[in-house]
Amino acid sequence: MCCSMESSNVEVLHESKPEKYQLHLHDSCVLSLKFAHCGKWFVSTGKDNLLNAWRTPYGAGIFQSKESSSVLSCDISTDDKFIVTGSGDKKATLYEVLF
């Protein structure tokens with residue numbers, strides 16, 4: 001499980017263990033999180049215009065992309081091959097996942 005924080009952190013919690021990881025790659029409020037359907041990675045977006053992809057559970061960074069405005073939302077296709085974001089400048093961006 002993940003939780004986005006106004007403090008710019010992402011917290012990753014294990015559902016049956018007391019382990020908790022705090023991840024920090026955003027410089028501002030984290031606005032959305034989405035897990036890949038395979039469960040091996042997830043993405044976060046924020047007011048800092050960033051899309052970050054992370055490996056579960058420890059949060060190793062996979063990639064980062066900077067957009068031109070706050071990234072308000074994100075989603076991942078059911079086959080985990082595409083990420084779509086929606087930003088404050090009323091633009092949707094489609095990313096192909098190649099890792």
**Message:** When you group the ILVMFWY residues by side-chain heavy-atom contacts below 4.5 Å and let the links chain together, are Leu50 and Ile62 in the same group?
**Reply:** no
**Request:** Quick one: closest heavy-atom pair of Asp89 and Ser69, and the distance?
**Result:** N-OG, 3.4 Å
**Message:** According to salt bridge (Lys or Arg N to Asp or Glu O under 4.0 Å), does anything in residues 64-78 pair up with another residue at least two apart or in another chain? List the pairs.
**Reply:** Lys34-Asp75
**Asked** Given the rule that I, L, V, M, F, W and Y join up when any side-chain heavy atoms are under 4.5 Å apart, are Phe82 and Val84 in one cluster?
**Response** yes
**Separation of Cys74 SG from Asn52 CG (nearest 0.5 Å)** = 10.5 Å
Could you go through residues 37-45 and list every donor-acceptor pair under 3.5 Å that involves a side-chain atom there, pairing it with any protein atom two or more places apart or in another chain?
{"residue": "His37", "atom": "ND1", "partner": "Ser77", "partner atom": "O", "Å": "3.2"}
{"residue": "His37", "atom": "ND1", "partner": "Asp80", "partner atom": "OD1", "Å": "3.2"}
{"residue": "Ser44", "atom": "OG", "partner": "His26", "partner atom": "NE2", "Å": "2.7"}
{"residue": "Ser44", "atom": "OG", "partner": "Trp54", "partner atom": "NE1", "Å": "2.9"}
{"residue": "Thr45", "atom": "OG1", "partner": "Ser32", "partner atom": "OG", "Å": "2.4"}
{"residue": "Thr45", "atom": "OG1", "partner": "Val71", "partner atom": "O", "Å": "3.0"}

**Complete:** Between Leu31 and Ser70, the two heavy atoms sitting closest are CD1-CB, 4.5 Å
